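In what follows, a single structure is set out as structure tokens and then discussed.
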There are 2 protein chains.
Amino acid sequence: MVRPGGRSARVQEAVHSAVRELQAELGRAELTIPLVAARAGVTPSTIYRRWGDLQELLSDVAVENLRPDTPPRAHGNLAADLRSWAEQFIEEMASPVGRAYIRDALLGAPDGDNAARCSQYAAEQIAVVLARAAERGEGAPGVELVLDRVVAPMMYRILFRPGDLTADYARGLVDGLLDGSAAGR
Amino acid sequence: MVRPGGRSARVQEAVHSAVRELQAELGRAELTIPLVAARAGVTPSTIYRRWGDLQELLSDVAVENLRPDTPPRAHGNLAADLRSWAEQFIEEMASPVGRAYIRDALLGAPDGDNAARCSQYAAEQIAVVLARAAERGEGAPGVELVLDRVVAPMMYRILFRPGDLTADYARGLVDGLLDGSAAGR
DNA sequence: GCCTTAAAGCGAATTATTTGCGTTAGATGC
DNA sequence: GCATCTAACGCAAATAATTCGCTTTAAGGC
């Protein structure tokens, strides 16, 4: 039986909050499960049983932090909408905080769906942008193509390349996609 | 003073081998530093001092495992070479073992260069393919463009999408790149 | 309101990690 | 070669984290 409400929910909320607070106060290096437990007013064994280890817990919190809180801004045409979204995305994700969240999110159980949720968030935002284009009658690529051509390169560089990423790069990816074939497959 | 040779090198070799052996015998879930130390004939504190924690050690081993052992096969033209390389890449990397290595490699210290080395390996292999094309006088895209259009999408899906990746997908990425503009920027 | 039971609390036992200090063996200069 | 220097290792004690059996609590179904 699943018990999503009541005490379980309160514990989860308390633990997540404790992680966020301590992360801000001490940085991740100092985080330990006993410490989080104490701050959350919970016994360590509760966290061990529910999350398994610190990685899993951090992964959960990171995914929550990565959830977009607003729909993408509308600018009247597909190119502007996509550019704007990609620029904001790269700015958030390539920042030290963003990189840390992404890493943490990936750190969760490989068979879990934390990483998939991250991709899902991006896909949903892109779908909104593309739906607006369709309403206006603009030819637009599919969500998958935007993921391949815009999101994937940004993520690849964030994860595998140390250097910094600029909004220019994000804009270039969008332009490269839209120039080629406005009405993608 | 750095001491790459002698005892240090032997210890590193012994520890790495121990990790590989135990990973194969017990799986990663059962791996602990004391266990690795015992197998390597080394005291745990040696590992703690040199690597810090299990993540860092696994990351080192993973990067080593990800190093390509042979240059990309040559087939006489750019399209065939790239396709062949991408197919082999996705086959190795999207497998359960490959996915695990990639995750482990990324898990190392964010300011370390383990992740960058992975990207470096791919870039070098691609550079070889592109150099062959140049020798033949074929127009060819730059390494960065191949990373963006071929490697990044594969990696993105490996990391963020649970489903399976096929050689067809890899081939499609290569074809999409070469169709657009044979003489890329 | 009374069961049932998933989830939390508690504490002891186990295991991992840190740390100070002595020792070993590559490296360097003569 | 030989003496010297010192980074890296070994050892062991102290500390901290993790596991586990058992008890208690409270959410959800009747």
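Bear in mind the structure is a predicted one, so any value in this text is a computation, not a measurement. Convention: sequence-line order gives letters A, B, ...; per-chain numbering from 1.
The CH2 atom of Trp51(B) sits 18 Å away from the C1' atom of dT18(C) (whole-angstrom rounding). Atom P of nucleotide dT15(C) and atom CG of Leu31(B) are separated by 17 Å, given to the nearest angstrom. Atom CG in Leu54(B) sits roughly 14 Å away from atom C1' in dT15(C) (whole-Å rounding). The OH atom of Tyr48(B) sits 13 Å away from the C1' atom of dT15(D) (whole-angstrom rounding). The separation between Arg7(B) atom CZ and dG26(C) atom P is 7 Å, rounded to whole Å. Note: CD1 (Ile33(A)) to P (dG9(C)) measures 14 Å, nearest angstrom. Between Gln12(B) atom CD and dA7(D) atom P there is a gap of 19 Å when expressed in whole angstrom units. When the P atom of dA17(D) is taken as reference, atom CG of Leu57(A) falls 15 Å away, rounded to whole Å.
With hydrogens and angles disregarded, no donor-acceptor distance shorter than 3.5 Å links the side chain of Asp113(B) to the backbone of Ala116(B).
Checking the phosphate oxygens (OP1, OP2) of dA8(C), no side-chain nitrogen or oxygen of Thr46(A) falls inside 4.0 Å. Residue Arg50(B) has a polar side-chain atom (N or O) positioned under 4.0 Å from OP1 or OP2 of dC9(D). Proximity of Thr32(A) to the phosphate of dA17(D): a side-chain N or O atom is located under 4.0 Å from OP1 or OP2. In this model, the phosphate group of dG26(C) is approached by a side-chain N or O of Arg10(B) to a distance below 4.0 Å at OP1 or OP2.
One donor-acceptor pair, N or O on each side, does fall under 3.5 Å between the base of dG20(C) and the side chain of Arg49(B). Residue Ser45(A) places a side-chain atom within donor-acceptor reach of the base of dC10(C), judged by atom type and a 3.5 Å distance cut-off alone.
Remark: the Ser17(B) side chain and the Glu13(B) side chain contain an N/O donor-acceptor pair separated by less than 3.5 Å. Side-chain atoms of Gln12(B) and Arg50(B) form a donor-acceptor pair, as typed in the model, at a separation below 3.5 Å.
In this structure, the separation between OH on Tyr101(A) and OG on Ser95(A) is 9.0 Å, given to the nearest 0.5 Å.
At a threshold of 4.0 Å, the pair Asp148(B)-Arg149(A) does not count as salt-bridged, since none of the basic side-chain nitrogens sits closer than that to a carboxylate oxygen.
The nearest heavy atom of DNA chain D to Pro44(A) and to Val42(B) marks one nucleotide each, and the one closer to the 5' end goes with Val42(B).
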